[in-house]
Number of protein chains: 2
Amino acid sequence: MAHATETAAAGYVAGHFPPFAVTVDLVVLTVREGDLCALLIQRGEQPHLGRSALPGGFVRVDEDLDVAARRELSEETGLARLPVHLEQLATYGAVGRDPRMRVVSVAYLALAPDLPPPQAGGDAAAAAWVPVCQVLPESSTAANLSAQPRPGQYRSVSSRSAQAAQSVQPTSGLAESTDAPAPGHTPLAFDHVGILADGVERARAKLEYSPLAAAFCPAEFTVGELRRVYEAVWGVTLDARNFHRKVTGTAGFLLPVGRATVRQGGRPAQLFQLGPATLINPPMLRPA
Amino acid sequence: MAHATETAAAGYVAGHFPPFAVTVDLVVLTVREGDLCALLIQRGEQPHLGRSALPGGFVRVDEDLDVAARRELSEETGLARLPVHLEQLATYGAVGRDPRMRVVSVAYLALAPDLPPPQAGGDAAAAAWVPVCQVLPESSTAANLSAQPRPGQYRSVSSRSAQAAQSVQPTSGLAESTDAPAPGHTPLAFDHVGILADGVERARAKLEYSPLAAAFCPAEFTVGELRRVYEAVWGVTLDARNFHRKVTGTAGFLLPVGRATVRQGGRPAQLFQLGPATLINPPMLRPA
DNA sequence: GTAATAGTGTCTCTAAGACAATATGAA
DNA sequence: TTCATATTGTCTTAGAGACACTATTAC
């Protein structure tokens with residue numbers, strides 16, 4: 001890799017192309033306990049050491065952007081199963097967004113089912129799922145009403161960055177006065193709040209016209225689970241009966257598996273898997 | 001600017017951040033004579049000298065991405081009035097997309113009313129509006145049925161790149177055998193076909209739920225003009241009466257000016273200007 | 001008058017939203 | 001039994017699409 005860097009650098013010496021650093025940043029979303037949550041890491045390096053941030057890192061010269069996004073995801077968060085869905089979100093390149101140098105960051109949106117707490121790695125001192133309503137200045141939904149801060153969100157890093165990880169020991173309550181404040185109670189590093197907000201809005205919009213909500217569910221899921229995904233992402237409550245009629249009536253959206261769940265009370269629900277449809281037409285509509 | 005470049009380059013020498021070149025590419029669309037057209041330039045430099053391409057160029061180290069997009073637009077195409085609408089489209093960074101070096105290109109989508117033929121400048125030998133159906137492998141619309149190739153689309157460059165411009169003299173017909181083939185009859189440079197396709201699809205989609213079609217119209221326009229924009233972009237024909245009822249019935253979409261056009265035959269039409277609405281709800285729907 | 005385009009009214013049908021009623025399990 | 005969730009059915013209403021009809025200009 002040092003070789004590739006030198007080769008490319010030689011081109012810059014001869015040419016007139018201003019050099020940029022290119023990074024990927026990841027907005028990884030999931031639904032946990034009825035809340036839309038984002039994966040945040042705690043920075044283990046300067047700048048913004050200790051601050052919450054989106055996972056991400058530098059793109060290698062010989063690496064496609066999509067590949068870099070997947071690599072950073074597994075490197076920094078240790079998620080065993082890679083998320084079902086990964087798509088490019090937008091690119092952020094304001095001049096002063098990184099104090100070190102000129103950085104252009106390509107943001108990606110990833111949607112994952114409810115996975116076990118992530119393991120930090122790479123430049124991340126810790127990684128945790130944080131309800132987005134704790135981080136965003138609340139964008140006109142009622143989601144923040146249902147979300148309470150929860151203790152012990154962070155899970156200490158296992159391998160390297162042990163020094164930085166010391167500041168992230170689990171606490172019995174919220175420890176806002178330590179040097180490792182709970183995520184969402186400190187502003188995100190860089191321009192990551194805006195990136196996160198854009199990612200959340202993208203996810204909310206795509207649930208309307210694509211079957212993407214299933215990316216938040218396991219391979220087999222019930223209509224009720226799917227509805228709770230919509231309710232969490234949109235921050236609304238939906239009529240369970242109309243929702244059921246809509247999703248089961250949309251051709252290609254849901255394929256019946258033929259089995260049913262064992263319930264903890266209430267009638268068992270049919271299991272479905274995602275169908276071949278790529279568009280929901282007519283779309284699901286967010287309530288006004 | 002040489003100073004800024006040197007400063008940034010010094011940072012790279014010390015650090016471990018692989019240097020990239022960052023460019024902006026522009027998908028500039030307009031509607032002319034019933035066709036959706038894209039602004040293409042003819043490259044005046046290597047690589048792909050003489051090939052058709054999207055306008056664009058390198059981002060400066062001290063320049064925001066949006067600013068670079070606007071600068072390239074006026075530099076390379078000489079459009080006097082800048083387009084009403086400019087938004088980021090997507091970023092393209094495959095490893096081999098530029099033979100010279102690793103380049104990440106941030107694409108922008110611009111929508112313009114029907115302007116006079118553009119004047120080339122900068123690295124562009126020529127610039128012209130080209131119907132997209134002549135360039136794209138036709139994406140499931142009937143637009144290509146109505147579009148015929150037209151001669152003399154290019155307008156010779158006035159200032160520099162005179163040598164390259166010689167190959168772009170207007171022809172009485174299609175001159176496919178010259179060294180300057182008509183745009184759209186030669187494959188676009190780099191990965192620009194894909195970028196153009198993405199831009200066209202974005203524009204088509206946004207007409208559904210945003211009042212963006214007005215960006216293709218002058219400041220004051222009639223319902224008929226707006227309908228012809230929709231028909232050209234979507235490549236369909238719409239029922240004029242239902243369209244009229246829909247757009248005039250959508251709150252905040254159209255503001256009546258109070259005056260009417262003088263017609264060349266037929267009843268005069270009321271003039272409107274774009275209203276404050278930012279979303280069309282319920283959306284306009286493309287016919288199946 | 002005819003031709004051409006603008007604009008209104010009316011009908012049908014799809015589908016969303018409200019909500020009653022029924023089904024099927026656990027405790 | 002009660003409780004909880006799933007699923008079906010029914011009614012009302014907004015709105016899209018088809019299309020007859022009227023309005024206002026140029027010729």
Side-chain angles (χ1 to χ4, degrees), chain A residues 33-34 207-209 213 217 220-232 234 236-273 277 279-288, chain B residues 33-34 207-209 213 217 220-232 234 236-273 277 279-288:
Chain A
E33 306 172 39
L207 289 211
E208 293 198 75
Y209 58 88
C217 297
E220 297 185 350
F221 53 90
T222 69
V223 174
E225 286 167 355
L226 191 66
R227 175 170 48 81
R228 278 181 285 276
V229 164
Y230 274 89
E231 291 176 332
W234 285 349
V236 298
T237 60
L238 300 173
D239 185 280
R241 296 145 314 172
N242 292 334
F243 182 87
H244 190 282
R245 177 160 44 83
K246 170 72 179 176
V247 295
T248 57
T250 298
F253 192 178
L254 299 185
L255 293 180
V257 170
R259 284 172 290 111
T261 50
V262 265
R263 303 288 313 164
Q264 63 292 353
R267 173 175 170 178
Q270 290 301 121
L271 281 169
F272 295 87
Q273 51 185 212
L279 228 63
I280 296 181
N281 198 298
M284 315 278 306
L285 290 179
R286 282 184 265 190
Chain B
E33 306 171 40
L207 289 211
E208 294 198 74
Y209 59 89
C217 298
E220 296 185 351
F221 54 91
T222 69
V223 173
E225 287 167 353
L226 191 66
R227 176 170 48 81
R228 280 182 283 275
V229 165
Y230 274 90
E231 292 176 332
W234 285 349
V236 298
T237 61
L238 300 173
D239 185 281
R241 299 150 303 178
N242 290 336
F243 183 87
H244 190 282
R245 179 160 43 84
K246 171 70 177 176
V247 296
T248 56
T250 298
F253 191 178
L254 300 184
L255 293 180
V257 169
R259 285 171 291 111
T261 50
V262 264
R263 302 288 314 164
Q264 64 290 356
R267 173 174 169 179
Q270 291 302 311
L271 281 170
F272 295 87
Q273 51 185 215
L279 229 60
I280 297 180
N281 199 297
M284 316 278 303
L285 290 179
R286 282 185 264 191

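The chains referred to below are lettered A, B, ... by the order of the sequence lines, with proteins before strands, and numbering in each begins at 1.
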Practice item. May I have the step-by-step check of side chain to side chain contact (heavy atoms under 4.5 Å, CB included) for V236(B) and R286(B), ending in yes or no? Key: CA-CA 8 Å; V236(B) 298; R286(B) 282 185 264 191; over 6 Å; no
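- Here the rule is side chain to side chain contact (heavy atoms under 4.5 Å, CB included) with P287(B), and of D239(B), T237(B), L238(B) only L238(B) fits it.
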Check your understanding: Between L226(A) and L254(A), does a side chain to side chain contact (heavy atoms under 4.5 Å, CB included) hold up when you go through it step by step?
Key -> CA-CA 10 Å; L226(A) 191 66; L254(A) 299 185; 4.3 Å; yes
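- Here dT8(C) presents its P atom at 14 Å from CZ of F243(B), a figure rounded to the nearest Å.
- With a 4.5 Å cut-off on side-chain heavy atoms, L255(A) and F272(A) do not count as touching.
- With sequence neighbours left out, F243(A) forms a ring pair (Phe, Tyr, Trp, His ring centres under 6.0 Å) with Y230(A).
- Distance D239(B) CG to dT10(C) P: 17 Å, rounded to the nearest Å.
- dG17(D) atom P lies 9 Å from atom CG of L238(B), rounded to whole Å.
- Regarding contacts with the backbone of dG15(D), every side-chain N or O of K246(B) stays at 4.0 angstrom or more from both OP1 and OP2.
- For the pair T250(A) (side chain) and I280(A) (backbone), a donor-acceptor distance under 3.5 Å is absent.
- Every stem involving DNA chain C, taken as at least 3 paired positions in a row under the Watson-Crick or G-U wobble test at 3.5 Å, is listed here: C:1-27 with D:1-27.
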Check nucleotides 5-14 of chain D against the protein and report each pair of N or O atoms closer than 3.5 Å, with its distance, or say if there are none.
unit_1: dT5(D); atom_1: O2; unit_2: R267(A); atom_2: N; d: 3.1
unit_1: dA6(D); atom_1: OP2; unit_2: R227(A); atom_2: NH2; d: 3.4
unit_1: dA6(D); atom_1: N3; unit_2: R267(A); atom_2: NH1; d: 3.3
unit_1: dT7(D); atom_1: OP1; unit_2: Q270(A); atom_2: N; d: 2.9
unit_1: dT7(D); atom_1: OP2; unit_2: H244(A); atom_2: NE2; d: 3.2
unit_1: dT7(D); atom_1: O5'; unit_2: H244(A); atom_2: NE2; d: 3.4

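- You'll find the side chain of E208(A) reaches within 4.5 Å of the side chain of L285(A), heavy atoms only.
- Closest-nucleotide positions on DNA chain D for V262(B) and L285(B) were compared, and the one nearer the 5' end corresponds to L285(B).
- Between L207(B) and M284(B), the shortest heavy-atom distance links the atoms O-CG, 3.9 Å.
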